[in-house]
Amino acid sequence: MTECHIAIIGAGIGGLTAALSLQRQGFAVSVYEQAAELREFGAGLVVTPDALHALDALGVGGAIIDASSASVGLVFKHYKSGEVLRRQPSGDYYKSKYGARHVLVHRADLHAALSAAVLANDPGCVHLDHAFAGLSQDENGVNARFANGATIKADALIGCDGYRSAVRDRVYSSTPVTFTGQVSFRALVRSESLPEEIKKQAECLYVGPGRMLLHYPLRNRALMNIVAHARQDRWEAEGWAIPGERSEFLKMFCDFYPKVLQLIEVIEPNALFKWGLRDREPLPQWTLDRVSMLGDAAHPMSPFLGQGAVMAIEDGMVLGRCFAKAGTAEQALRLYETARKPRANAAQLYSREQGANLQHIDPGRGAEAIGLFNYNPTTVPISPNGRTAPPPQC
Ligand SMILES: Cc1cc2nc3c(=O)[nH]c(=O)nc-3n(C[C@H](O)[C@H](O)[C@H](O)COP(=O)(O)OP(=O)(O)OC[C@H]3O[C@@H](n4cnc5c(N)ncnc54)[C@H](O)[C@@H]3O)c2cc1C
(Lines give C-alpha, C1' and ligand atoms only; values in the text may rest on other atoms or scores of the structure.)
Protein backbone atom coordinates (compact mmCIF):
# COMPACT_ATOMS: atom_id res chain seq x y z
CA MET A 1 0.00 0.00 0.00
CA THR A 2 2.86 2.50 0.60
CA GLU A 3 3.20 2.90 -3.19
CA CYS A 4 -0.26 4.50 -3.07
CA HIS A 5 -0.20 8.18 -4.15
CA ILE A 6 -2.61 10.43 -2.28
CA ALA A 7 -3.74 13.86 -3.51
CA ILE A 8 -4.79 16.40 -0.91
CA ILE A 9 -6.81 19.44 -1.96
CA GLY A 10 -6.14 22.41 0.34
CA ALA A 11 -3.05 23.24 2.40
CA GLY A 12 -4.91 24.49 5.46
CA ILE A 13 -4.62 23.08 8.97
CA GLY A 14 -6.46 19.85 8.12
CA GLY A 15 -4.74 19.25 4.76
CA LEU A 16 -1.25 19.77 6.17
CA THR A 17 -1.93 17.55 9.20
CA ALA A 18 -3.21 14.81 6.88
CA ALA A 19 -0.15 15.19 4.63
CA LEU A 20 2.19 14.92 7.60
CA SER A 21 0.40 11.93 9.07
CA LEU A 22 0.44 10.11 5.70
CA GLN A 23 4.11 10.98 5.09
CA ARG A 24 5.03 9.57 8.49
CA GLN A 25 3.32 6.32 7.52
CA GLY A 26 5.49 6.21 4.37
CA PHE A 27 2.99 7.41 1.73
CA ALA A 28 3.65 9.71 -1.23
CA VAL A 29 1.46 12.78 -0.87
CA SER A 30 0.86 15.78 -3.13
CA VAL A 31 -0.93 18.82 -1.73
CA TYR A 32 -2.72 21.24 -4.09
CA GLU A 33 -3.50 24.70 -2.72
CA GLN A 34 -5.40 27.46 -4.51
CA ALA A 35 -3.43 30.31 -2.90
CA ALA A 36 -0.23 31.66 -4.44
CA GLU A 37 1.62 31.37 -1.12
CA LEU A 38 1.44 29.17 1.96
CA ARG A 39 0.06 31.31 4.75
CA GLU A 40 -2.74 31.73 7.26
CA PHE A 41 -4.77 34.74 8.36
CA GLY A 42 -4.22 36.49 11.69
CA ALA A 43 -6.44 34.97 14.33
CA GLY A 44 -6.18 32.73 17.34
CA LEU A 45 -7.09 29.12 17.90
CA VAL A 46 -7.67 27.14 21.04
CA VAL A 47 -5.90 23.81 20.61
CA THR A 48 -7.28 21.30 23.10
CA PRO A 49 -5.55 18.14 24.45
CA ASP A 50 -7.22 15.80 21.95
CA ALA A 51 -5.53 17.63 19.05
CA LEU A 52 -2.25 18.14 20.91
CA HIS A 53 -1.83 14.36 21.19
CA ALA A 54 -1.75 14.28 17.38
CA LEU A 55 0.55 17.29 17.01
CA ASP A 56 2.96 15.76 19.53
CA ALA A 57 2.97 12.43 17.70
CA LEU A 58 3.61 14.23 14.40
CA GLY A 59 6.62 16.01 15.90
CA VAL A 60 5.25 19.57 15.87
CA GLY A 61 3.74 19.81 19.36
CA GLY A 62 6.89 21.34 20.87
CA ALA A 63 7.11 24.13 18.26
CA ILE A 64 3.44 24.94 18.77
CA ILE A 65 3.72 25.03 22.56
CA ASP A 66 6.79 27.30 22.30
CA ALA A 67 4.85 29.75 20.11
CA SER A 68 1.64 29.66 22.15
CA SER A 69 0.29 31.19 25.33
CA ALA A 70 -0.50 28.69 28.08
CA SER A 71 -4.14 28.82 29.08
CA VAL A 72 -4.54 30.09 32.65
CA GLY A 73 -8.27 29.33 32.59
CA LEU A 74 -11.08 30.95 30.64
CA VAL A 75 -13.48 33.02 32.74
CA PHE A 76 -17.12 33.31 31.62
CA LYS A 77 -18.58 36.72 32.56
CA HIS A 78 -21.91 38.49 32.49
CA TYR A 79 -21.86 40.86 29.54
CA LYS A 80 -22.96 43.94 31.46
CA SER A 81 -21.85 43.58 35.07
CA GLY A 82 -18.65 41.62 34.46
CA GLU A 83 -19.82 39.15 37.16
CA VAL A 84 -18.05 35.77 36.91
CA LEU A 85 -20.50 33.05 35.72
CA ARG A 86 -18.10 30.12 35.43
CA ARG A 87 -14.36 29.40 35.34
CA GLN A 88 -12.54 26.85 33.25
CA PRO A 89 -9.41 25.22 34.65
CA SER A 90 -5.91 26.19 33.53
CA GLY A 91 -3.74 24.36 30.99
CA ASP A 92 -1.91 22.44 33.79
CA TYR A 93 -5.15 20.74 34.80
CA TYR A 94 -5.65 19.43 31.26
CA LYS A 95 -2.08 18.22 31.08
CA SER A 96 -2.46 16.20 34.28
CA LYS A 97 -5.93 14.91 33.40
CA TYR A 98 -5.53 14.13 29.69
CA GLY A 99 -1.76 13.94 29.24
CA ALA A 100 -1.63 16.89 26.83
CA ARG A 101 -1.93 20.64 27.14
CA HIS A 102 -4.61 23.14 26.23
CA VAL A 103 -2.95 26.04 24.43
CA LEU A 104 -3.82 29.30 22.73
CA VAL A 105 -2.02 29.62 19.44
CA HIS A 106 -1.81 32.01 16.49
CA ARG A 107 -3.15 30.23 13.40
CA ALA A 108 -0.10 31.33 11.41
CA ASP A 109 2.24 29.65 13.94
CA LEU A 110 0.32 26.37 13.80
CA HIS A 111 0.21 26.51 10.01
CA ALA A 112 3.93 27.37 9.79
CA ALA A 113 4.92 24.45 12.05
CA LEU A 114 2.83 22.01 10.00
CA SER A 115 4.03 23.28 6.62
CA ALA A 116 7.70 23.27 7.70
CA ALA A 117 7.37 19.64 8.79
CA VAL A 118 5.58 18.58 5.57
CA LEU A 119 8.15 20.35 3.38
CA ALA A 120 11.07 18.92 5.39
CA ASN A 121 9.79 15.44 4.47
CA ASP A 122 9.25 16.33 0.81
CA PRO A 123 10.21 19.84 -0.40
CA GLY A 124 8.26 19.41 -3.65
CA CYS A 125 4.97 18.12 -2.31
CA VAL A 126 2.98 21.37 -2.08
CA HIS A 127 1.67 22.81 -5.37
CA LEU A 128 0.53 26.41 -5.03
CA ASP A 129 -1.80 28.24 -7.44
CA HIS A 130 -3.72 25.00 -7.97
CA ALA A 131 -7.43 25.68 -7.44
CA PHE A 132 -9.31 22.39 -7.67
CA ALA A 133 -11.87 22.47 -10.51
CA GLY A 134 -13.20 18.93 -10.96
CA LEU A 135 -12.61 15.20 -10.78
CA SER A 136 -13.54 11.84 -12.18
CA GLN A 137 -12.74 8.42 -10.77
CA ASP A 138 -12.83 4.76 -11.74
CA GLU A 139 -11.39 1.50 -10.40
CA ASN A 140 -7.86 2.61 -11.46
CA GLY A 141 -7.73 5.92 -9.66
CA VAL A 142 -8.86 9.55 -9.46
CA ASN A 143 -8.21 12.24 -12.08
CA ALA A 144 -8.40 15.84 -10.88
CA ARG A 145 -8.43 19.11 -12.84
CA PHE A 146 -7.29 22.53 -11.68
CA ALA A 147 -8.24 26.04 -12.73
CA ASN A 148 -4.71 26.62 -14.07
CA GLY A 149 -5.23 23.81 -16.61
CA ALA A 150 -3.14 21.18 -14.77
CA THR A 151 -4.44 17.64 -14.40
CA ILE A 152 -3.23 14.92 -12.04
CA LYS A 153 -3.89 11.26 -11.32
CA ALA A 154 -3.83 9.74 -7.83
CA ASP A 155 -4.95 6.58 -6.06
CA ALA A 156 -7.08 8.58 -3.62
CA LEU A 157 -8.11 12.23 -3.24
CA ILE A 158 -8.96 13.99 0.01
CA GLY A 159 -10.88 17.28 -0.05
CA CYS A 160 -9.40 19.46 2.69
CA ASP A 161 -10.60 22.65 1.04
CA GLY A 162 -12.52 24.20 3.89
CA TYR A 163 -16.13 25.11 4.62
CA ARG A 164 -16.93 26.12 1.02
CA SER A 165 -15.40 22.89 -0.30
CA ALA A 166 -15.40 22.53 -4.09
CA VAL A 167 -14.60 18.81 -3.65
CA ARG A 168 -17.77 18.37 -1.56
CA ASP A 169 -19.79 20.22 -4.19
CA ARG A 170 -18.36 18.08 -7.01
CA VAL A 171 -18.96 14.80 -5.25
CA TYR A 172 -22.30 15.50 -3.55
CA SER A 173 -23.63 18.57 -5.41
CA SER A 174 -23.99 21.74 -3.36
CA THR A 175 -25.08 21.17 0.23
CA PRO A 176 -27.80 23.50 1.56
CA VAL A 177 -26.46 26.40 3.59
CA THR A 178 -28.38 28.81 5.78
CA PHE A 179 -27.43 32.18 7.24
CA THR A 180 -27.61 31.81 11.03
CA GLY A 181 -28.64 35.43 11.53
CA GLN A 182 -25.31 36.14 13.19
CA VAL A 183 -22.42 38.33 12.25
CA SER A 184 -18.92 37.68 13.64
CA PHE A 185 -15.98 39.99 14.21
CA ARG A 186 -12.33 39.15 14.75
CA ALA A 187 -9.25 41.26 15.49
CA LEU A 188 -5.76 41.08 16.95
CA VAL A 189 -4.52 43.84 19.27
CA ARG A 190 -0.96 44.39 20.53
CA SER A 191 -0.83 43.91 24.28
CA GLU A 192 0.78 47.31 24.98
CA SER A 193 -2.46 49.00 23.77
CA LEU A 194 -4.69 47.05 26.16
CA PRO A 195 -6.50 48.34 29.27
CA GLU A 196 -4.76 46.99 32.43
CA GLU A 197 -7.81 45.03 33.63
CA ILE A 198 -8.03 43.18 30.31
CA LYS A 199 -4.30 42.42 30.41
CA LYS A 200 -4.60 41.01 33.95
CA GLN A 201 -7.51 38.71 33.18
CA ALA A 202 -6.71 37.96 29.58
CA GLU A 203 -8.97 34.95 28.91
CA CYS A 204 -12.61 36.00 29.13
CA LEU A 205 -15.87 35.19 27.43
CA TYR A 206 -18.57 37.81 27.95
CA VAL A 207 -22.01 36.29 27.41
CA GLY A 208 -24.96 38.56 26.64
CA PRO A 209 -28.41 38.38 25.06
CA GLY A 210 -27.88 37.64 21.38
CA ARG A 211 -24.18 38.47 21.62
CA MET A 212 -20.90 37.22 23.02
CA LEU A 213 -17.31 38.40 23.00
CA LEU A 214 -14.24 36.25 23.63
CA HIS A 215 -10.69 37.46 24.14
CA TYR A 216 -7.52 35.52 24.89
CA PRO A 217 -3.76 36.12 24.56
CA LEU A 218 -1.44 34.75 21.87
CA ARG A 219 2.33 34.52 21.31
CA ASN A 220 3.33 34.53 24.97
CA ARG A 221 0.81 37.31 25.63
CA ALA A 222 2.24 39.72 23.03
CA LEU A 223 -1.12 39.83 21.21
CA MET A 224 -4.75 39.72 22.23
CA ASN A 225 -7.16 37.76 20.04
CA ILE A 226 -10.75 39.03 19.94
CA VAL A 227 -13.72 37.15 18.47
CA ALA A 228 -17.33 38.30 18.83
CA HIS A 229 -20.69 37.15 17.51
CA ALA A 230 -23.95 39.13 17.39
CA ARG A 231 -27.44 38.47 16.10
CA GLN A 232 -28.28 40.54 13.06
CA ASP A 233 -31.03 40.01 10.48
CA ARG A 234 -29.08 41.54 7.65
CA TRP A 235 -27.07 39.20 5.44
CA GLU A 236 -23.27 39.28 5.65
CA ALA A 237 -20.98 37.44 3.24
CA GLU A 238 -19.18 34.26 4.30
CA GLY A 239 -15.41 34.66 4.45
CA TRP A 240 -12.73 35.40 6.99
CA ALA A 241 -11.16 38.52 5.51
CA ILE A 242 -13.99 41.01 4.97
CA PRO A 243 -12.96 44.37 6.52
CA GLY A 244 -15.13 45.48 9.44
CA GLU A 245 -15.90 48.93 10.89
CA ARG A 246 -15.05 49.58 14.54
CA SER A 247 -18.07 51.90 14.86
CA GLU A 248 -20.40 49.08 13.77
CA PHE A 249 -18.77 46.67 16.25
CA LEU A 250 -19.05 49.24 19.09
CA LYS A 251 -22.70 49.96 18.29
CA MET A 252 -23.65 46.28 18.49
CA PHE A 253 -21.91 45.84 21.86
CA CYS A 254 -22.66 49.30 23.32
CA ASP A 255 -24.27 47.93 26.53
CA PHE A 256 -21.33 45.60 27.33
CA TYR A 257 -19.02 45.97 30.33
CA PRO A 258 -17.05 49.23 29.89
CA LYS A 259 -13.65 47.50 29.73
CA VAL A 260 -14.92 45.48 26.76
CA LEU A 261 -15.77 48.71 24.96
CA GLN A 262 -12.28 50.04 25.70
CA LEU A 263 -10.89 46.86 24.20
CA ILE A 264 -12.90 47.37 21.00
CA GLU A 265 -11.76 51.00 20.86
CA VAL A 266 -8.07 50.06 20.71
CA ILE A 267 -8.54 47.84 17.64
CA GLU A 268 -6.66 49.46 14.76
CA PRO A 269 -8.90 50.40 11.82
CA ASN A 270 -7.45 47.88 9.35
CA ALA A 271 -7.24 45.07 11.95
CA LEU A 272 -10.97 44.33 12.21
CA PHE A 273 -12.69 41.69 10.05
CA LYS A 274 -16.26 40.42 9.96
CA TRP A 275 -18.25 37.63 8.33
CA GLY A 276 -21.73 36.16 8.29
CA LEU A 277 -22.04 32.84 10.12
CA ARG A 278 -23.65 30.16 7.99
CA ASP A 279 -24.72 26.73 9.05
CA ARG A 280 -24.75 23.39 7.26
CA GLU A 281 -26.27 20.08 8.27
CA PRO A 282 -23.92 17.14 9.05
CA LEU A 283 -23.27 15.04 5.95
CA PRO A 284 -24.59 11.46 6.01
CA GLN A 285 -21.56 10.31 4.01
CA TRP A 286 -18.05 11.72 3.52
CA THR A 287 -16.56 9.15 1.14
CA LEU A 288 -17.33 8.08 -2.39
CA ASP A 289 -15.02 5.24 -3.48
CA ARG A 290 -11.55 6.84 -3.72
CA VAL A 291 -12.57 10.36 -2.71
CA SER A 292 -13.19 11.61 0.81
CA MET A 293 -13.04 14.83 2.81
CA LEU A 294 -11.78 16.09 6.12
CA GLY A 295 -11.88 19.17 8.32
CA ASP A 296 -14.39 21.89 7.47
CA ALA A 297 -15.04 20.29 4.06
CA ALA A 298 -16.50 17.22 5.81
CA HIS A 299 -18.02 18.85 8.90
CA PRO A 300 -18.17 22.64 8.67
CA MET A 301 -19.07 23.74 12.19
CA SER A 302 -19.98 26.98 13.88
CA PRO A 303 -17.24 28.47 16.06
CA PHE A 304 -19.02 28.23 19.44
CA LEU A 305 -17.29 25.09 20.65
CA GLY A 306 -13.83 26.10 19.34
CA GLN A 307 -13.33 22.63 17.85
CA GLY A 308 -13.22 23.12 14.05
CA ALA A 309 -9.44 23.03 13.72
CA VAL A 310 -9.15 20.45 16.48
CA MET A 311 -11.45 18.08 14.55
CA ALA A 312 -9.48 18.74 11.34
CA ILE A 313 -6.23 17.81 13.13
CA GLU A 314 -7.78 14.65 14.55
CA ASP A 315 -9.12 13.70 11.10
CA GLY A 316 -5.68 14.13 9.55
CA MET A 317 -3.98 12.01 12.19
CA VAL A 318 -6.53 9.18 11.92
CA LEU A 319 -6.48 9.26 8.10
CA GLY A 320 -2.75 8.40 8.06
CA ARG A 321 -3.32 5.54 10.47
CA CYS A 322 -6.18 4.17 8.33
CA PHE A 323 -4.02 4.11 5.19
CA ALA A 324 -1.30 2.31 7.16
CA LYS A 325 -3.79 -0.31 8.30
CA ALA A 326 -5.80 -0.87 5.09
CA GLY A 327 -5.07 -3.03 2.07
CA THR A 328 -6.53 -0.63 -0.52
CA ALA A 329 -7.27 3.09 -0.83
CA GLU A 330 -11.03 2.46 -0.79
CA GLN A 331 -10.73 0.38 2.36
CA ALA A 332 -8.59 3.07 4.02
CA LEU A 333 -11.23 5.71 3.31
CA ARG A 334 -14.03 3.51 4.64
CA LEU A 335 -12.04 2.90 7.84
CA TYR A 336 -11.41 6.62 8.14
CA GLU A 337 -15.06 7.60 7.73
CA THR A 338 -16.17 4.92 10.20
CA ALA A 339 -13.63 6.11 12.73
CA ARG A 340 -14.26 9.81 12.43
CA LYS A 341 -17.79 10.63 11.28
CA PRO A 342 -19.78 9.95 14.49
CA ARG A 343 -17.49 12.12 16.59
CA ALA A 344 -17.03 15.02 14.16
CA ASN A 345 -20.70 15.16 13.12
CA ALA A 346 -21.74 15.14 16.80
CA ALA A 347 -19.32 18.01 17.51
CA GLN A 348 -20.89 19.92 14.60
CA LEU A 349 -24.34 19.60 16.20
CA TYR A 350 -23.15 20.35 19.70
CA SER A 351 -21.40 23.46 18.46
CA ARG A 352 -24.73 24.72 17.16
CA GLU A 353 -26.39 23.98 20.53
CA GLN A 354 -23.60 25.73 22.42
CA GLY A 355 -24.13 28.80 20.22
CA ALA A 356 -27.77 28.91 21.31
CA ASN A 357 -26.81 28.51 25.02
CA LEU A 358 -24.26 31.28 24.96
CA GLN A 359 -26.70 33.72 23.45
CA HIS A 360 -29.01 33.33 26.45
CA ILE A 361 -26.43 34.19 29.10
CA ASP A 362 -25.86 30.51 29.77
CA PRO A 363 -22.20 29.47 29.77
CA GLY A 364 -23.28 26.01 28.57
CA ARG A 365 -21.25 22.87 29.17
CA GLY A 366 -18.29 23.39 26.84
CA ALA A 367 -16.20 20.86 24.95
CA GLU A 368 -14.71 19.17 28.02
CA ALA A 369 -18.04 18.59 29.77
CA ILE A 370 -19.40 16.62 26.81
CA GLY A 371 -16.35 14.36 26.85
CA LEU A 372 -14.57 15.64 23.73
CA PHE A 373 -11.14 15.64 25.38
CA ASN A 374 -11.36 11.94 26.30
CA TYR A 375 -10.06 11.02 22.87
CA ASN A 376 -6.61 10.35 21.56
CA PRO A 377 -6.40 10.23 17.74
CA THR A 378 -3.00 8.52 17.91
CA THR A 379 -4.35 5.48 19.75
CA VAL A 380 -8.11 5.36 19.18
CA PRO A 381 -8.93 1.88 17.80
CA ILE A 382 -9.62 1.74 14.07
CA SER A 383 -12.09 -0.93 13.14
CA PRO A 384 -14.02 -1.77 9.96
CA ASN A 385 -17.05 -2.93 11.91
CA GLY A 386 -18.55 0.20 13.23
CA ARG A 387 -17.99 2.89 15.79
CA THR A 388 -14.46 3.04 17.17
CA ALA A 389 -14.95 5.58 19.90
CA PRO A 390 -18.10 6.72 21.62
CA PRO A 391 -19.35 10.04 20.23
CA PRO A 392 -19.61 12.86 22.76
CA GLN A 393 -22.80 12.96 24.82
CA CYS A 394 -24.60 15.71 22.95
C1 LIG B 1 -11.99 33.47 13.90
C2 LIG B 1 -12.00 31.98 14.00
C3 LIG B 1 -11.67 31.39 15.21
C4 LIG B 1 -11.63 29.99 15.31
N5 LIG B 1 -11.27 29.44 16.50
C6 LIG B 1 -11.12 28.10 16.59
C7 LIG B 1 -10.63 27.51 17.80
O8 LIG B 1 -10.36 28.19 18.79
N9 LIG B 1 -10.42 26.17 17.82
C10 LIG B 1 -10.69 25.38 16.73
O11 LIG B 1 -10.49 24.16 16.81
N12 LIG B 1 -11.19 25.91 15.57
C13 LIG B 1 -11.39 27.24 15.46
N14 LIG B 1 -11.85 27.80 14.31
C15 LIG B 1 -12.23 26.91 13.18
C16 LIG B 1 -11.02 26.49 12.39
O17 LIG B 1 -10.26 27.58 12.02
C18 LIG B 1 -11.42 25.68 11.15
O19 LIG B 1 -12.34 24.70 11.52
C20 LIG B 1 -10.17 25.04 10.54
O21 LIG B 1 -9.34 26.02 9.98
C22 LIG B 1 -10.55 24.01 9.47
O23 LIG B 1 -9.38 23.55 8.82
P24 LIG B 1 -9.45 23.03 7.33
O25 LIG B 1 -8.08 22.61 6.98
O26 LIG B 1 -10.57 22.09 7.18
O27 LIG B 1 -9.87 24.29 6.49
P28 LIG B 1 -9.04 25.64 6.23
O29 LIG B 1 -8.12 25.92 7.36
O30 LIG B 1 -10.07 26.66 5.87
O31 LIG B 1 -8.16 25.32 4.94
C32 LIG B 1 -8.72 25.10 3.67
C33 LIG B 1 -7.62 25.31 2.64
O34 LIG B 1 -8.11 24.91 1.36
C35 LIG B 1 -7.78 25.89 0.41
N36 LIG B 1 -8.77 25.81 -0.68
C37 LIG B 1 -10.06 26.20 -0.66
N38 LIG B 1 -10.65 25.95 -1.83
C39 LIG B 1 -9.71 25.36 -2.61
C40 LIG B 1 -9.71 24.86 -3.95
N41 LIG B 1 -10.81 24.92 -4.73
N42 LIG B 1 -8.58 24.31 -4.45
C43 LIG B 1 -7.44 24.24 -3.68
N44 LIG B 1 -7.38 24.73 -2.41
C45 LIG B 1 -8.51 25.26 -1.89
C46 LIG B 1 -7.82 27.20 1.19
O47 LIG B 1 -7.09 28.23 0.52
C48 LIG B 1 -7.18 26.76 2.51
O49 LIG B 1 -5.77 26.83 2.47
C50 LIG B 1 -11.95 29.18 14.18
C51 LIG B 1 -12.29 29.79 12.97
C52 LIG B 1 -12.32 31.17 12.88
C53 LIG B 1 -12.68 31.82 11.58
Side-chain angles (χ1 to χ4, degrees), residues 7-19 30-48 50-52 55 68 71 74 102-108 110-111 114-115 126-135 144-148 150 152 157-170 184-188 203 205 214-216 218 225-229 238-242 244 272-278 293-316 344 347-348 351 367 372:
I8 289 183
I9 307 297
I13 290 163
L16 290 173
T17 308
S30 300
V31 183
Y32 301 93
E33 165 59 44
Q34 66 178 1
E37 56 178 321
L38 261 186
R39 66 181 176 87
E40 259 292 346
F41 61 83
L45 277 179
V46 178
V47 177
T48 51
D50 35 337
L52 255 182
L55 298 172
S68 70
S71 170
L74 180 67
H102 181 289
V103 294
L104 312 167
V105 63
H106 194 299
R107 292 176 69 100
L110 172 58
H111 192 264
L114 289 168
S115 55
V126 178
H127 304 268
L128 299 171
D129 254 328
H130 275 66
F132 169 84
L135 65 80
R145 287 183 287 110
F146 296 88
N148 62 6
I152 58 122
L157 181 143
I158 319 294
C160 310
D161 50 341
Y163 57 100
R164 284 190 292 202
S165 171
V167 174
R168 186 179 63 217
D169 286 353
R170 289 289 160 161
S184 302
F185 293 91
R186 69 174 175 89
L188 292 178
E203 282 172 74
L205 175 58
L214 169 68
H215 63 76
Y216 57 82
L218 297 174
N225 183 59
I226 305 166
V227 189
H229 311 287
E238 190 179 34
W240 292 343
I242 305 161
L272 182 64
F273 300 91
K274 66 174 181 178
W275 70 102
L277 275 187
R278 301 202 201 174
M293 296 174 290
L294 65 67
D296 281 359
H299 41 75
M301 64 184 75
S302 60
F304 302 107
L305 205 54
Q307 287 284 298
V310 165
M311 290 292 146
I313 292 166
E314 292 180 3
D315 288 346
Q348 196 180 346
S351 193
L372 280 181

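Excluded from the calculations below are hydrogen atoms, water molecules and symmetry mates; all remaining heavy atoms, backbone and side chain alike, are included. In listed order, ligands and their atoms are each counted from 1.
Ranking protein heavy atoms by distance to atom 9 (N) of ligand 1, first place goes to G306 O, 2.9 Å. Of the protein's non-hydrogen atoms, G12 CA, 3.4 Å is the one closest to atom 31 (O) of ligand 1. Atom 26 (O) of ligand 1 has as its closest protein heavy atom D296 N, 2.8 Å. In terms of protein heavy-atom proximity, atom 53 (C) of ligand 1 is closest to W240 CE2, 3.1 Å. The shortest contact between atom 1 (C) of ligand 1 and any protein heavy atom is with W275 CH2, 3.5 Å. For atom 47 (O) of ligand 1, the nearest non-hydrogen atom of the protein is E33 OE2, 2.6 Å. Shortest contact from atom 39 (C) of ligand 1 to any protein heavy atom: Q34 OE1, 3.4 Å. Protein heavy atom in closest approach to atom 25 (O) of ligand 1: G14 N, 2.7 Å.
Proximity to G295 (heavy-atom distance under 4.0 Å) selects the following atoms of ligand 1: 26 (O).
Of the candidates R39, M311, R164, R107, the one placing a heavy atom closest to atom 51 (C) of ligand 1 is R107. The closest non-hydrogen atom to atom 14 (N) of ligand 1, taken over L45, L16, I9, L277, comes from L45. Nearest-residue assignment for atom 40 (C) of ligand 1 (options F185, Y32, F132; heavy-atom criterion): F132.
Between G308 and ligand 1, a contact under 3.5 Å exists for at least one N or O pair. Backbone and side-chain nitrogen or oxygen atoms of A312 are examined, and none is located within less than 3.5 angstrom of a nitrogen or oxygen of ligand 1.
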**Request:** Run the numbers on E203 and S71 for side-chain contact (heavy atoms from CB on, under 4.5 Å), then give the verdict.
**Result:** CA-CA 8 Å; E203 282 172 74; S71 170; 2.8 Å; yes

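Within the 3.5 Å criterion, the main-chain N or O of F132 finds no donor-acceptor partner in the side chain of Q34. A donor-acceptor pair under 3.5 Å is absent between the side-chain atoms of S165 and the main chain of D161, judged by distance alone. Formation of a donor-acceptor pair under 3.5 Å by the H299 side chain with backbone atoms of A347 is not found in this model. Distance alone, capped at 3.5 Å, places no donor-acceptor pair between the D296 side chain and the R164 backbone. R107 places no side-chain N or O within donor-acceptor distance of the main-chain N or O of R39, the cut-off being under 3.5 Å.
Residue G44 places a heavy atom under 4.0 Å from ligand 1. Residue contacts with ligand 1: H130 is included, with a non-hydrogen atom under 4.0 Å away. Contact between A35 and ligand 1 is absent, with no heavy atom of the residue lying under 4.0 Å from the ligand. Not a single heavy atom of F146 sits less than 4.0 Å from an atom of ligand 1. The closest approach between any non-hydrogen atom of A131 and ligand 1 is below 4.0 Å.
In summary, the aromatic rings of F185 and H229 are positioned with their centroids too far apart to meet the 6.0 Å limit.
Counting heavy atoms from C-beta outward, L104 and S68 have side chains that stay 4.5 Å or more apart. Looking only at side-chain heavy atoms (C-beta outward), R168 and P300 come within less than 4.5 Å of each other.
By the criterion of a heavy-atom distance under 4.0 Å, both the backbone and the side chain of A309 are placed next to ligand 1. Counting heavy atoms closer than 4.0 Å to ligand 1, residue C160 contributes backbone atoms (N, CA, C, O) but none from C-beta onward.
Between Y32 and H130, the ring planes are tilted. Angles from 30° to 60° get that label.
A donor atom on one side chain and an acceptor atom on the other are not found under 3.5 Å apart for H102 and T48. Judged purely by distance below 3.5 Å, without hydrogens or angles, the side chains of Q307 and S351 never pair a donor atom with an acceptor atom. Using a 3.5 Å distance cut-off with no hydrogens or angles, the side chains of H106 and N225 do not pair a donor with an acceptor.
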